[in-house]
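In what follows, a structure is listed as structure tokens, so that the remarks can point back to it.
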Amino acid sequence: MTVMDGPEITGYVERVRAALADLPPEVRNELTEDLAEHLAEVAAEGEGSLVERLGEPEAYAEELRTAAGAGVPVAAPNLDRRLAATMVGLRTRLRAADRRAGPLLGHATASDFLRPLRPAWWLFRGYLVAMLITVMTTSSPGLLPRLGGSSLAGLLLLTVCVAGSLWLGRRTPTLSPWRRRAVGLSTGLLALFALVGFVDLDQRRDGDGYYYEPSSAETPYIRDVFVYDGQGRLVPGARLFDQDGNPIRLGDPYCTDGTGVQVEQEKPVLPTYPYCPSAAPFRFEAVPAAPAPTGPTPVPTGPTVPTEAPTGAPAPTPAPTAPTAPVPTPPAAPSVPASPGAGVAPAPPVPDGVAPPVPAPTSPS
Amino acid sequence: VDTTQLLKGVLDLAVLAVLRDEDGYGYDILRRLRVAGLEEVGDASVYGTLRRLFSAGLLTTYVVPSESGPHRKYYSLNAAGRDQLARSGKLWRSFATTMDGLLDDRGMAA
């Protein structure tokens, strides 16, 4: 005589009780309160599993129900039974879908295709657990696990979680039904967490830019500042202050000159902009005081021109000019800021200080 | 009509009968019934019947510890059970006699 180990009997009793779920609780308890002991006796009397010797728990429950005179399932099915019926129908439909989807994936069933992928899911699950711990312990989590702000601890956490997930994945089929259900439930919650996390991440990336708004000197997106005056001329050595008179520090005073060599400016107490005049995005050549015959043509019109120009279409060029006329040139030539008196410089495309000066036609024709 | 159908009506009586002379635990009772010839009887039927007879107050139970296996819950007839056995037994005999007569009249030897 051998004593069966607990889980088999417990699982069997659970399933019998589930099949009797429609009975009044006191009747059900009366019927099954010492079922486990009875099954232990049965198990001790012979060989083979309980299911082999007694049949499926559901069939056992039906026989028990009849023998105990507890009546057949009530005519009007209660919620439990309806739920059970729904589950059975759902499972049947899932199996059918499984078989139908199989050939599309080159397998008999879709689950045949998915089964070998399970270890990959276990790996990912470990990562998700690590991320869950990160999110719970870190104020601004990223994509990599971190523990107490340390990436190294985060790496360790990731390793532990992945190893644990793999171990659990291999062991899950041997767990008792209750534990298996618990694993399934927590896996579902984890998947939900992943979904929420990724949607959140995606929104932060595409969102209103709140998180990446350039607002301070630390922001890496502004490297230099170019000030143009009302005539569209680059202002060298400009200084910026805020409303309190504090200098505004933007960018970093490093400069790559034309040869690609980094030129380090001394870090001034009071920064002057631009750091790299040669890197100005727009450049307007100083035109000789005596304009060429075609001179007046480039930008005779006023404010409306530059606002249209950014579209890059050659059309907005207002005056019918010769193709050689546009003055903006690539920023290769060294900037020659016009002296204050050189009011003849003909190229001020921006009459007001708001919009940046824009080279009107970009087509090289 | 198969044996299972017939059993439903008389399993109570059968269980009471095998407990008349000797107490027994669930699996033991099942074995006695099978040895006696009721081979189709199922464990769940016997267990369910025992539960029902017990809650009807016809049986008493006691647990016998075991060193080698699980504890066993023994069922025994109490006075009400013996009374029930006597009445049901009488009913069965008259019923069986009626059935025998019916079958004999039609020339079907038992």
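Throughout, protein chains are lettered first and strands after them, A, B, ... in sequence-line order, and every chain is numbered starting at 1.
Under a cut-off of 6.0 angstrom, the local environment of CZ in B/Phe95 is sparse, with at most 12 non-hydrogen atoms contributed by other residues, nucleotides or ligands. Shown here is A/Arg179, whose CZ atom has no more than 12 heavy atoms of other residues, nucleotides or ligands within 6.0 Å.
In terms of modelled atom types and a separation under 3.5 Å, the side chain of B/Tyr47 and the main chain of A/Leu35 share a donor-acceptor contact. For the pair A/Glu41 (side chain) and B/Lys73 (backbone), a donor-acceptor distance under 3.5 Å is present. A donor-acceptor contact shorter than 3.5 Å links the side chain of B/Arg52 to the backbone of A/Ala67.
Here A/Asp34 is the residue among A/Asp34, A/Val16, A/Val42, A/Leu54 with the most heavy-atom pairs under 4.5 Å with chain B.
Between the CG atom in A/Leu31 and the CG atom in B/Leu50 there is a gap of 11.5 Å [rounded to 0.5 Å].
Salt bridge present: B/Arg51 and A/Glu33 bring a charged side-chain N and a carboxylate O closer than 4.0 Å.
A pairwise comparison of heavy atoms in A/His38 and B/Tyr27 identifies CE1-N, 4.0 Å as the closest pair.
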